[in-house]
Amino acid sequence: MVGVANTSRIEQQSTLHGTEELVINMGPQHPSTHGVLRVILKLDGETVNDLDCDIGYLHRGTEKIGENITYTMFIPYTDRLDYIAAPSNNLAWVTAVEKFFDWEIPMRAQYIRSMVGELSRIASHLLWLATHALDIGAMTVFLWCFREREMVLDLFETAFGGRLTVNAFRLGGLHEDVPDKFLQLTQEFIDIFPSRIDDYETLLTNNRIWLQRTRDVGIISAEDAMDLGLTGPIIRGSGVRWDLRRAKPYAAYPYLDFVVPVGENGDIYDRYLVRIEELRQSTRIIQQCLDQLPGGPVTCKTPRTIKPPEGEIYHSIENPKGEFGFYIVSDGTTTPYRVRIRPPSFINLGGLKKLCIGQLVADVVAIIGSIDIVLGECDR
Amino acid sequence: MIPMTHFLVLGAVLFLIGAMGVLMRRNAIIILLSIELMLNAVNVTFVGFSRHLADMTGQVFAIFVITVAACEAAVGLAILIALNRDRTMVNVDEINLLKW
Amino acid sequence: MDMALEVAVAAIKIFIVVNVVQLVVAYMIYVERKVIAHAQLRLGPMRVGWHGLLQPIADGLKLFFKEDIIPDKADRVVFVLAPVMVLVPALVVYAVLPFSATFYITQINIGLFFVLAISSLGVFGVVMAGWASNSKYSLLGALRSAAQMLSYEIFLGFSVIGPLMLAGSLNLQEIVHAQRDVWFVFYQPLAFIVFFVAALAETNRVPFDLPEAETELVAGFHTEYSGMKFAFFFLAEYASMMVISTIGIVLFFGGWEGPDFIPLPGFVWYCLKLGAFMFVFIWLRATLPRYRYDQLMRVGWKFMFPLVMLNIFLTGFLKYLFL
Amino acid sequence: MEIYFFYMFAGGMILTSLLMITRANVIHAALLLVLTFFFLAGVFVLAGAEFLAAVQILLYAGGIMVLYLFSIMLMNVEVAVRMRQWHRQGVVVLVAAVLLGLEIWAVLGEVEFGAPKQWEWSLGATPGNVEALGAVLYTKFLFPFEVASILLLASMIGAIVLAKRTIER
């Protein structure tokens, strides 16, 4: 009898021990959840005990829409997925659909695709750097980055007419050739851009507070990152040299020379360095594209109605945020039978729990920033 | 010039109020607050005498009282937090076991 | 009759100072917006008046006419009292600040101590606001704020001891007079560093602005406030920035006295120095990221505290040797 | 003039402290006690102890009471508000308090304090409360002062050990 009483007492103690957890709803209206992400934090003081993500506030049924419209008509919808880097999504869709056919895409189109893809990478990384720095409290970087992002959007406007939702590419190439002014402005942009990257780095890279906030925070090992299926700068920050531009080259990447930067510790700082280096590498790639840009047509001969053969296909490209893939099932008609999107934000967000538990609230903000999510593609 | 008796009466009244708080309330935090009040009532007397006798000793003692009060607050609150963490209770008459 | 006159003069002085302070504070917000805007390659307010000069007044009017929202579950009395508890100490401190050799409301022999004591009350308003709002973000902000302000008050208090030992008085006027030859910042560089960092933390400025970190706590303790109550928090923050700058000037930069070879009135010197201090505050805000809560505490207790203790020890030792 | 201020402060203190011991909400009680300490600082100023008044505000109001508020916020206040607030021994306490009050009253009526003495400043020409206090505190009361600092240290360690969640061995 005594023994029973003792055990129940011990059990009671273990359940009662510790202060009450504080449950905090971070989002969907919160300045640093980057859109309409809702994070349910269970806090012990300021330490995160548990965390859940509630997503779907921006769900628009993009995949279902894809089943009801033709392959060409779906291109503008892809703009709205990762709206920070719309041309990259276009590129993923058109290359995925082109995989059904054996079209010979003209080299000029391939180079322009790579170039615009890299520009959108720059646009995306700039927005990431801006908001990430703002999350940690450095507000000047925010506006400096937007100055250059503005220039990139101007370039898109010159080439395709749109700024945010660009609708850049067509099945089989481009809608029409880019104007000479675009090439000239791009050259001007990449001439000044490296010095601007230096500017951002002066404010952040060696800043003691920045280092303290980002180093050894939100660490994820290479194995964990691979197990979770993380891609993009996150897995590269953990030291895995995985980049689809190298692993499964598309567009003009086989002919371009660039370095895939990797980090060592897999903390926020490494992800920051990786992305900064990617900005420089993107500049290099654009320069090479401009130098090597061949002449000729920008679109190949495509049938009037696009009817892929029956079958299924998965194709992914390296978006700024990671592996962005389309899984398309075709039933031989003009509309896909099934469109499934593999958005990097969604998969990467799955790593949030692993990254955040045991960290402080302020770190959660920094970690969400370092994952670089866009709810447009996460919720689809 | 304020008569000495005024200080003493004020001190006594405050001390009594504090003592009533300690003896009548169940909430441990309010009891701690009442103890603070009692300590300060003593300070009123000390300062009153210091003024009356033109001697600094009273004020020095008041400073020591404040020191003691700080210690008491720190330790008392630490005990309360530890108790509150183990058992969610703040009432003194529930804390009646010597050991958990 | 004499007493009535004294009271009247004091009342007029108080009236002038309080109103001027409010106006100056409003324009400090304007200056901050302008300076930060130019650091960030934009223009800042430009529409209301020439280069947006009337913007503070427009903002004030807007806040005045805003709906005053008290959350349903808030503790109404404490909620309403909190902004007052923040603003009043910040303004009361002006009673002893010397603006020039002749212009001050009063001077008391525990001047500096009075300033420290009264400005330590600001934390009450913050804690009350955070708790009374009945919002988790506010409460977290208030708890952070209380811990931060309490800790850094200690360093602030210790950092003024060095100059005090040199001046030998708590009276702010006499401290200024003691620096007629050399500013104390040259004798007390360590103390000044600690003082400045503690001042940043006390006024919740970048890089120590985590009680009101908008990206983590959606503005912390004043999340639920709107209208004039919110304006009170804002005014109080800037008013206490001015207080702490003035204390810094008085303790380390010779107060209203400038070098003899430039004949300027004392008040002008004071304003120049105040402007320089404020500019550094704003400049830091445009440059630095924000510390994390535990790092802030670590910086305080493991770096500033030994430093300030060393400073007191050194000051005492050197004073014993050479003076 | 002084006496009216004294009555004001004293009345304020008694009122706020009475309110303090009757509140159900601990936060309100703590805030009322802060108010009491303000009035107390006023009384100190009237008694010529302005340094002590500043210490009162700085340490008590600015330090200790914030510590109280801080701790209270870590606990669950709403639960305590709904509980029974008073011990059942209240009547006995009241009677005892009234008796004790009457006794003090009677004793005070008997005592003659005589005329208050004037300050004799030993330090320099500027009589100042701070200088005088410092001179006494660091000469005559140096040993108690050091003992007080050890007491503070001990209580600090005690508080940390008590409130720490887990103690590494």
Side-chain angles (χ1 to χ4, degrees), chain B residues 1-10 12-14 16-21 23-27 29-30 32-34 36-37 40 43-44 47-48 50-54 56-57 59-60 62-64 66-75 77-82 84-85 88 90-91 93, chain D residues 2-3 6 10 13-14 17-18 20-21 26 29-30 33 36 40 43-44 46-49 52 55 59-60 64 67-68 71-72 74-76 79-80 83-87 89-90 93 97 100-101 104 108 113 116-120 132-133 136-137 141 144 148 151-152 155-156 158-159 162-163:
Chain B
M1 219 45 190
I2 304 155
M4 185 59 216
T5 332
H6 281 47
F7 283 104
L8 293 182
V9 169
L10 177 62
V13 170
L14 288 177
L16 282 180
I17 294 175
M20 275 154 64
L23 293 173
M24 289 162 80
R25 293 300 300 263
R26 292 175 77 219
N27 194 318
I29 297 167
I30 298 213
L32 276 183
L33 292 177
S34 300
E36 300 287 341
L37 184 64
N40 277 283
N43 274 359
V44 172
V47 172
S50 158
R51 213 281 313 263
H52 187 80
L53 303 173
M56 270 298 162
T57 316
Q59 294 186 25
V60 173
I63 286 183
F64 288 142
I66 291 180
T67 317
V68 172
C71 299
E72 174 252 318
V75 177
L77 284 172
I79 292 173
L80 278 190
I81 287 182
N84 199 274
R85 189 177 291 145
T88 315
V90 282
N91 292 338
D93 49 0
Chain D
E2 254 185 349
I3 196 90
F6 180 83
M13 279 181 80
I14 293 168
S17 51
L18 274 177
M20 187 271 283
I21 62 162
V26 210
L33 191 63
T36 316
L40 184 58
V43 171
F44 284 174
L46 289 181
L52 210 56
V55 166
L59 279 184
Y60 246 118
I64 299 176
L67 187 66
Y68 269 100
S71 321
I72 296 167
L74 292 175
M75 302 173 190
N76 202 342
V79 177
M83 287 178 175
R84 184 166 54 86
Q85 297 294 326
W86 305 89
H87 279 304
Q89 66 213 21
V93 174
L100 194 61
I104 293 172
L108 283 180
F113 286 105
K117 294 195 181 68
Q118 289 302 311
W119 289 106
E120 292 167 26
L133 186 63
V136 179
L137 192 60
F141 290 98
L151 180 68
L152 273 175
S155 76
M156 187 173 85
L162 278 170

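In what follows, chains carry the letters A, B, and so on, assigned in the order in which the sequence lines appear, proteins first and then strands, with residues in each chain numbered from 1. Below, all heavy atoms of this structure are taken into account, side chains as well, without hydrogens, waters or symmetry copies. Since the structure is predicted, the reported quantities are computational estimates derived from the model, not experimental observations.
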So which heavy atom on D:L67 is nearest to which on B:A74, and how close? CD2-CA, 4.1 Å
Smallest separation among heavy atoms of B:L16 and D:A97, with atom names: CD1-O, 3.6 Å
Note, B:F7 side chain near D:V43 side chain (heavy atom, < 4.5 Å): yes
So which of B:V47, B:I66, B:N40, B:I79 has the biggest tally of heavy-atom pairs under 4.5 Å with chain D? B:N40
At a heavy-atom distance under 4.5 Å, which candidate from B:G18, B:A69, B:G48 has the highest pair count against chain D? B:A69
Where do D:S17 and B:L14 come nearest, in terms of heavy atoms and distance? OG-CD2, 3.6 Å
Grab the two heavy atoms, one from B:A70 and one from D:L152, that are nearest each other, plus how far apart they are. CB-CD2, 4.3 Å
Any idea which heavy atoms bring D:L133 and B:V60 closest together, and the distance? CD1-CG2, 3.8 Å
Which answer fits D:Y60, side chain, backbone, both or neither, if we ask what part of it has an atom under 4.5 Å from a heavy atom of chain B? side chain
How close do D:A159 and B:A78 get, counting heavy atoms only, and between which atoms? O-CB, 3.5 Å
Per-residue contact mode, D:L18 against chain B (heavy atom under 4.5 angstrom): both
Proximity breakdown for B:L23 and chain D, heavy-atom pairs closer than 4.5 Å: both
Heavy-atom proximity to chain B below 4.5 Å, by part of D:L151: both
Quick one: what part of B:E72 sits under 4.5 Å from any heavy atom of chain D, side chain, backbone, both or neither? side chain
Would you call the rings of B:F64 and D:F141 parallel, tilted or perpendicular if under 30° counts as parallel and over 60° as perpendicular? perpendicular
Can you say whether B:V44 sits under 4.5 Å from chain D via the side chain, the backbone, both, or neither, judging by heavy atoms? both
Side-chain contact test, heavy atoms from C-beta onward, threshold under 4.5 Å: evaluate it for D:V26 versus D:Y68 and give yes or no. no
Region of D:I104 that comes under 4.5 Å of a non-hydrogen atom in chain B: side chain
Identify which of B:V75, B:T5, B:L10 forms the greatest number of heavy-atom pairs closer than 4.5 Å to chain D. B:L10
Turns out that what part of D:L52 lies under 4.5 Å from chain B's heavy atoms comes down to side chain
Toward chain B, the part of D:I64 with a non-hydrogen atom under 4.5 Å: side chain
Residue among D:I14, D:L46, D:L137 with most heavy-atom pairs under 4.5 Å to chain B: D:I14
